[in-house]
Amino acid sequence: MELLRIRLEKLLKEAVKTIEPDFEDWGRLVLQPATDEKFGDYQTNFAMTASKIFRQPPKIIAESIITAIPANDILEKAEVAGPGFINFFLKNSFVAETVRKTFSEKWDFSHINTEGTVVIDYSSPNIAKPMHVGHLRTTIIGDSIKRIMKFIGYNVIADNHLGDWGTQFGKLIVAYNRWLDKENFEKDPISELERLYIKFGDEAEKDPDLDELARAELKKVQDGDEANLALWKKFVEITLSECKKIYEYLGIKFDTYYGESFYHKLMPKVIDELVEKGLAVESEGALVVFFDEKENLHPCIVRKKDGAFLYATSDLATIKFKYENYKMNKALYVTDDRQAVHFKQIFNIAERAGWKMEFVHIPFGVLSFNGEILKTRAGNTIKLADLFKEAESKGESVVEEKNPELPEDEKKKIAKAVGIGALKYSDLSQNRTSNIDFSWEKALSFDGNTAPYLQYSYARVQSIKRKAAEKGITLDFNSEIKIESDIERSIAASIAKFPECVEKAAELYKPNFIADHIFDLVQKFGTFYNSTPILKAEPEQMQSRILLAEAVAQTVRTGLDLLGIETPEKM
RNA sequence: GCGCCCAUGGCUCAGCUGGAUAGAGCAACGGACUUCUAAUCCGUAGGUCAGAGGUUCGAAUCCUCUUGGGCGUACCA
């Protein structure tokens, strides 16, 4: 089904062509959702921006556009307003029919170029360090963006670019060889690795030579030293299996796990190519790429003086690999804001190397706790296991209170969906660029603009449907939805415009647009629900109202699904 | 020093890349459960959008400067 905006744009274009046949600057013709319902459904400021070109006052242009709009069955009226806006009011019948069609038809996003592959790099934990809350943002935001891109119709590959080849291995090997607690390692390998990592940091502060040793050990890994390679492999296996448990728990799936080690063998060739193309030159013993002065970027080291590769090298290798193995549309990177400069450098180098594709760094704000940035070394992290447990138990206590008669396993499932939903939503519902100071209270809030609130509305609709079924009423998806009140009109319009908000979310990589939209929809539904009887209405009215409620529920479910949040049938 | 991000009611945040009277949620206050789940709903109160200039029909949004915060700045990722 065509988006409403696209439908309307076509009409508008026809109208403009009629009054100004030579006009071609269609980029100017922007249709926006109305800022207030009293201004209708959509508005355009075209008449104002075109005023200079057409050499006429905005209001005159607006008037002639309105009269030139071809006959159609979607528009109730169009009005000139304020300094020259044109406000468009859609017919109730058209909006209602659009809502009804959402039950059987998919939205058509063919006006967006989705050709080729989109690779999205997110989560990407550092192997051998335990994941903590700090890793949650990239994971949750990345997963949501992946879902959104897929919904639009992109062919998406979710890539977990594991940090499995970096400095931490050198440090860990040094620590492992010196301070390993064998018993603990066998019992709980992850926590022993964490202990060793922290221990190394503490020791290195007293003895800076240790860092040098660590670098040497890392180099040995990268050069294929057997003993070190075996240790490396062990560390990777241990942490990766732990990470995968977390992903499974969160309902997050990756298509590829091409970590840095995967690209290692490609790196020398990347370096060769950069040197060949005159991009990388030697400086102070290292191999470095310099940038044009106007870029305002500091030089980027692609090979250390000891011959080892780094983060930049592996990212460049990744890009070259993508360029050669996929028909790339976009390469997306979801990492925190502090890496912005790194990606500017990498993208600039890749472009100069001729690895053509669209690069987007999708940054998010840094997560802190009590004002301090979370660091494994500082020991101020919140363990994911604790966070998840807390989320579930809070969910459990509410379910227990509201629905004690449900079977235990269902209560458990609901508790998890609600608790984890609240957690994910607290992050996804705000603009990703803001820095967040983690708060238990906020992360696990169930009231107001939260996932449980949205899930609750969904569950209420399911409950109505169950009650209807008990009464022997069957849902007829072909029957008409009749808009009988302002609130119903408002709800229907919100549902019909939902895909446009997904489109916007995809364009700007901002899941919070979706959260905003469904929250607004659900608030309206709350008003409707509390003021309008459904099951006690006359048969025809009842059918129409149930369908509208069902459309709300389906939109909420779709929206929450795009955020990676589940919708239980009861709660 | 240079660069990036940020500043919106008491608190936490939206604000769809310049639109009409700046919106929510918490918290506060007053109302609504013999009625489809009160994890809800209705209402009241609360703002010089950090400050000053500029751009224009029109600025929280764009430009410049100032103040105050966060971050990054060649061998970490």
Side-chain angles (χ1 to χ4, degrees), chain A residues 32-36 38-39 43 45 48-49 51 58 81-85 87 124 126 163 165-168 211 215 260 283-290 296-306 308 310-312 314-315 335-342 344 363 365-366 368 373 398-399 401-403 418 426 429-431 433-437 439 441-442 445-450 452-453 455-457 459-468 500-501 503-505 507-508 510 512-513 515-517 519-520 523 526-537 545-546 549 570-571:
Chain A
Q32 308 179 312
T35 50
D36 192 300
K38 68 172 180 260
F39 299 134
Q43 60 177 235
N45 57 5
M48 287 183 275
T49 66
S51 172
F85 293 107
N87 291 337
S124 309
N126 281 325
W165 206 239
T167 333
Q168 76 271 27
D211 283 323
R215 269 192 283 275
E260 293 174 336
S283 170
E284 298 175 30
L287 210 55
V288 178
V289 179
F290 290 95
N296 235 322
L297 290 167
H298 57 267
C300 176
I301 294 179
V302 293
R303 195 180 65 202
K304 299 194 228 179
K305 65 181 169 208
D306 66 0
L310 352 59
Y311 188 37
S314 104
D315 265 338
T335 81
D336 85 55
D337 183 39
R338 290 173 297 183
Q339 297 185 36
V341 174
H342 163 76
K344 258 188 202 154
V366 180
S368 56
I373 290 173
V398 182
V399 177
E401 185 194 326
K402 300 287 172 188
N403 272 310
V418 171
S426 71
S429 60
Q430 64 184 300
N431 190 334
T433 53
S434 10
N435 292 340
I436 295 184
D437 195 54
S439 119
E441 199 194 329
K442 219 183 133 190
S445 164
F446 286 9
D447 301 316
N449 189 0
T450 64
Y453 171 62
Q455 290 165 322
Y456 180 62
S457 304
R460 280 173 144 185
V461 175
Q462 304 318 308
S463 174
I464 290 176
K465 280 160 55 192
R466 279 192 301 271
K467 292 253 157 65
E500 285 163 44
C501 119
E503 189 185 20
K504 213 79 207 171
E507 216 175 286
L508 301 173
K510 288 189 167 186
N512 68 307
F513 284 5
D516 264 7
H517 193 95
F519 174 63
D520 182 66
Q523 274 194 310
T527 305
F528 170 72
Y529 181 92
N530 272 276
S531 63
T532 319
I534 295 177
L535 293 176
K536 283 186 177 154
R545 288 174 186 175
I546 296 181
K570 294 179 186 172
M571 62 184 277

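Keep in mind the model is a prediction, meaning the values are calculated, not measured. Numbered from 1 within each chain, the chains take letters A, B, ... in sequence-line order.
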Phosphate oxygens OP1/OP2 of C42(B): is one of them under 4.0 Å from a side-chain N or O of S531(A)? no

Assigned partner base of C16(B), Watson-Crick or wobble definition, under 3.5 Å: none

G43(B) -> Watson-Crick or G-U wobble partner, both distances under 3.5 Å, gives C29(B)

Do the side-chain N or O atoms of K504(A) get closer than 4.0 angstrom to the phosphate oxygens (OP1, OP2) of U17(B)? yes

Determine the interatomic distance between C1' on A27(B) and the same-named atom on U44(B); round to the nearest Å. 15 Å

CZ/R545(A) to CD1/I464(A) distance, rounded to the nearest 0.5 angstrom? 11.0 Å

With a 3.5 angstrom cut-off on both distances, give the Watson-Crick or G-U wobble partner of U61(B), or none if there isn't one. none

Just checking K570(A): base, sugar-phosphate only, or nothing, at a heavy-atom cut-off of under 4.0 Å? base

Euclidean distance, L508(A) CG relative to E503(A) CD, rounded to 0.5 Å: 10.5 Å

For K536(A) and U34(B), give me the distance from atom NZ to atom P, rounded to whole Å. 12 Å

Under 4.0 Å between any heavy atoms, over every strand shown, what does E441(A) touch: base, sugar-phosphate, or nothing? Just pick one. nothing

How many whole angstroms separate atom CG of D516(A) from atom P of G23(B)? 14 Å

Quick one: is T167(A) getting a side-chain N or O under 4.0 Å of the A77(B) phosphate, OP1 or OP2? yes

May I ask you to say what N296(A) touches in the nucleic acid, namely base, sugar-phosphate or nothing, with a heavy-atom cut-off under 4.0 Å? sugar-phosphate

What does T35(A) touch in the nucleic acid at a heavy-atom separation under 4.0 angstrom: a base, only the sugar-phosphate, or nothing? base

Would you say Y453(A) reaches C41(B)'s phosphate, i.e. side-chain N/O to OP1/OP2 under 4.0 Å? yes

Rounding to the closest angstrom, what is the interatomic distance between A28(B) and G70(B) at atom C1'? 32 Å

Residue-phosphate contact under 4.0 Å: R460(A) side-chain N/O, A38(B) OP1/OP2: yes

Using OP1 and OP2 only, check whether a side-chain N or O of N512(A) sits under 4.0 Å from G15(B). yes

Categorize K305(A) for me: base, sugar-phosphate, or nothing, with a 4.0 angstrom heavy-atom threshold over every strand shown. base

Using a heavy-atom cut-off of under 4.0 Å over every strand shown, decide if A286(A) touches base, sugar-phosphate, or nothing. base

pi-stack flag for F85(A) and A20(B), centroid dist under 5.5 Å, interplanar under 30°: yes

Touch check for I534(A), heavy atoms < 4.0 angstrom, all strands: base, sugar-phosphate only, or nothing? base

Under 3.5 Å: donor-acceptor pair, side chain of N403(A), backbone of V399(A): no

Over all strands shown, is L297(A) touching base, sugar-phosphate only, or nothing at heavy-atom distances under 4.0 angstrom? nothing

Step by step, would you call R338(A) with D336(A) a salt bridge (charged side-chain N to carboxylate O under 4.0 Å, His left out)? CA-CA 6 Å; R338(A) 290 173 297 183; D336(A) 85 55; 3.1 Å; yes

If each of Y311(A) and I436(A) is mapped to the nucleotide of RNA chain B with the nearest heavy atom, which maps nearer the 5' terminus, i.e. the 5' end? I436(A)

Assign C33(B) to syn or anti; the rule is syn for a glycosidic angle within 90° of 0 and anti otherwise. syn

Okay, side chain of S531(A), backbone of F528(A): is any donor-acceptor separation there less than 3.5 Å? yes

In this structure, CD of Q32(A) is separated from CZ of F85(A) (nearest 0.5 Å) by 8.0 Å

Centroid under 5.5 Å and tilt under 30°, F39(A) to A20(B): yes

Please tell me if Q523(A) has a side-chain N or O lying less than 4.0 Å from either OP1 or OP2 of G25(B). yes

note: N449(A), atom CG; G15(B), atom C1'; distance rounded to Å ~ 13 Å

Say we look at G23(B) and A77(B): how far apart would their C1' atoms be, to the nearest angstrom? 39 Å

Starting at the 5' end of RNA chain B and moving along, which residue's nearest nucleotide shows up first, F519(A) or F528(A)? F519(A)

By the 4.0 Å heavy-atom rule, please label S434(A) as base, sugar-phosphate, or nothing. sugar-phosphate

Distance, nearest 0.5 Å, that separates CD of Q430(A) from NZ of K442(A): 4.5 Å

Below 3.5 Å, does any donor atom in the side chain of N87(A) face an acceptor in the base of A20(B), or the other way round? yes

G1(B): pairing nucleotide in any strand, Watson-Crick or G-U under 3.5 angstrom: U73(B)

Starting from P on G19(B), measure out to NZ on K38(A) and report it in whole angstrom. 16 Å

In whole angstrom, what separates F446(A)'s CZ from A27(B)'s P? 15 Å

Quick one: pull up NZ in K467(A) and CD1 in I546(A) and give me the separation to the nearest 0.5 Å. 12.5 Å

Go ahead and name the base partner of C36(B); Watson-Crick or wobble counts if both distances stay under 3.5 Å, otherwise write none. none

Whole-Å distance, M48(A) CE to G19(B) C1', equals 7 Å

Span that lies between the C1' atom of A59(B) and that of U17(B), in whole angstrom: 13 Å

Touch class at under 4.0 angstrom, heavy-atom based, for D336(A) against every strand present: nothing

Contact class for D211(A) vs. all strands (heavy atom < 4.0 Å): base, sugar-phosphate, or nothing? nothing

Between A45(B) and G1(B), how many Å separate the two C1' atoms, rounded to a whole number? 49 Å

Is N435(A) side chain donor-acceptor paired with the G70(B) base, going by distance under 3.5 Å alone? no

Nearest whole angstrom, please: distance from the C1' of G15(B) to the CG of D520(A). 12 Å

How close or far is atom P of U61(B) from atom CG of N431(A), stated in whole angstroms? 16 Å

Which base sits across from U55(B) as a Watson-Crick or G-U pair, both distances under 3.5 Å? none

What nucleic acid atoms does E284(A) come within less than 4.0 Å of, heavy atoms only: base, sugar-phosphate, or nothing? base

Reckon A459(A) touches a base, only the sugar-phosphate, or nothing at all at heavy-atom distances under 4.0 Å? base

Using atom C1' in both nucleotides, what's the gap between G9(B) and C76(B) to the nearest angstrom? 43 Å

Would you find a donor on one side and an acceptor on the other, under 3.5 Å apart, between the side chain of N87(A) and the backbone of Q43(A)? no

Pairwise P distance, C5(B) and U61(B) [rounded to whole Å]: 16 Å

Over all strands shown, is S426(A) touching base, sugar-phosphate only, or nothing at heavy-atom distances under 4.0 angstrom? nothing

Report the base-pairing partner of A22(B) (Watson-Crick or G-U wobble, both distances below 3.5 angstrom), or none. none

Examine C76(B): is either OP1 or OP2 under 4.0 Å from a nitrogen or oxygen in the side chain of R215(A)? Give yes or no. yes

A14(B) phosphate, OP1 or OP2, under 4.0 Å from K510(A) side-chain N/O: no

